[in-house]
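What follows is a short report on a single structure.
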Amino acid sequence: MEKNLPEGAGPVHVPFGHVVANEKWRGSQLAQGMQGKIKLVFEDGLTPDFYLSSKSCILYVTEADLVAGNGYRKRIVRVRNSGNLQGIIIVEKTQINEQYFPAIQKFTVLDLGMVLLPVANQMEASCLIVQLVQEHSKEPSKNPFLRKKRALLSEPYLLRTVQQIPGVGKVKASLLLQKFPSIQQLSNASVQELEPVVGQMVAQQIYTFFTQSR
């Protein structure tokens, strides 16, 4: 049970190349999967499950969390409202909880405009988190092109989020993110704006996907 949580998810100092993890994950399969690849520092009383940096964190929603109801929403909203954190939501998507996935997808991606990544299990999640840490470790300060590209956040996670839209594959997702760098911009785009990028049929599918979910 969480205790002594701040009103928002405040900044946490994260040493370069490290991940600050919630104490509850100590000894878990998820933490074990990251051991030896990145350095974990455990702290008690964190709202997010993992901090990749002082400005980026991960909230992990387990299979049980999703089946249990909407309790996970409070943590997501707390991070979303903090204003100083970019939250990434990783969700266990299995046959048991697959029916509940559209609800968290709508809430996270469409309602809040956050990044959501489905994983099959904690081992897959550990590989993904290691990949995210490696991406964050590539500081773009010495490369203006990377600085500009980083704003798109198209690799590795926002790209995967957009690919979940029906009719959109990896190529179309990449093209869309070049034109619409955030989920909010993409969800507000008209068919006329989308059509030059992906064609009329897919443009209509994307528009329908977002408008029906509102």
Test Val61 against every option in Ile90, Val91, Asp49 by the side chain to side chain contact (heavy atoms under 4.5 Å, CB included) rule and name the one that passes.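 Result for side chain to side chain contact (heavy atoms under 4.5 Å, CB included) with Val61: Val91.
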Test Ile76 against every option in Leu116, Thr108, Asn81, Asp111 by the side chain to side chain contact (heavy atoms under 4.5 Å, CB included) rule and name the one that passes.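 Considering Leu116, Thr108, Asn81, Asp111, a side chain to side chain contact (heavy atoms under 4.5 Å, CB included) with Ile76 is found only for Thr108.
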Looking only at heavy atoms, which two atoms of [X] and [Y] are closest? And how far apart?
X: Pro102; Y: Gln99; answer: CD-O, 3.5 Å
X: Met34; Y: Phe50; answer: CE-CE2, 3.7 Å
X: Leu30; Y: Gln122; answer: N-OE1, 2.9 Å
X: Cys57; Y: Val79; answer: SG-CG1, 3.7 Å
X: Ala173; Y: Val168; answer: N-CG1, 3.5 Å
X: Val202; Y: Gly167; answer: CG1-O, 3.8 Å

Sequence neighbours excluded, which residues qualify as side chain to side chain donor-acceptor pair (under 3.5 Å) partners of [X]?
X: Ser28; result: none
X: Glu92; result: Tyr60
X: Thr62; result: Asp65

With rounding to the nearest 0.5 angstrom, report the [atom1] to [atom2] distance, [X] to [Y].
X: Leu132; Y: Leu117; atom1: CG; atom2: CG; result: 7.0 Å
X: Gln32; Y: Ser126; atom1: CD; atom2: OG; result: 10.0 Å
X: Ile38; Y: Gln131; atom1: CD1; atom2: CD; result: 12.0 Å
X: Tyr51; Y: Ile58; atom1: OH; atom2: CD1; result: 12.0 Å
X: Ile88; Y: Leu52; atom1: CD1; atom2: CG; result: 5.5 Å
X: Lys179; Y: Leu186; atom1: NZ; atom2: CG; result: 12.0 Å

Under 3.5 Å donor-acceptor, [X] side chain and [Y] backbone:
X: Arg80; Y: Leu112; answer: yes
X: Asn97; Y: Val67; answer: no
X: Ser174; Y: Lys170; answer: no

Can you confirm whether more than 12 heavy atoms, excluding those of Glu23, are under 6.0 Å from its CD atom?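 Result for CD/Glu23: enclosed.
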Apply side chain to side chain contact (heavy atoms under 4.5 Å, CB included) to residues Gln86 and Lys55 and explain how you reach the verdict. CA-CA 6 Å; Gln86 178 207 3; Lys55 295 183 179 180; over 6 Å; no
With side chains defined as the heavy atoms from C-beta onward, is the minimum distance between Leu40 and Gln35 less than 4.5 Å? yes
For the hydrophobic clusters of this structure (ILVMFWY residues joined by side-chain heavy atoms under 4.5 Å, transitively), does one cluster hold both Ile96 and Leu66? yes
If hydrophobic clusters are built from ILVMFWY residues whose side chains come within less than 4.5 Å, do Leu177 and Val171 share one?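 Linked within one cluster.
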Not counting sequence neighbours, list each pair that qualifies as a ring pair (Phe, Tyr, Trp, His ring centres under 6.0 Å) and has a residue in residues 83-128. none
By the ring pair (Phe, Tyr, Trp, His ring centres under 6.0 Å) test, which pairs, at least two apart or in different chains, include something from residues 71-99? none
Show the atom names and distances, to 0.1 Å, of all donor-acceptor pairs under 3.5 Å that link a side chain in residues 189-200 to residues at least two apart or in another chain.
| from | atom 1 | to | atom 2 | distance (Å) |
| --- | --- | --- | --- | --- |
| Ser190 | OG | Glu193 | N | 3.2 |
| Ser190 | OG | Glu193 | OE1 | 3.4 |
| Glu193 | OE1 | Ser190 | N | 2.8 |

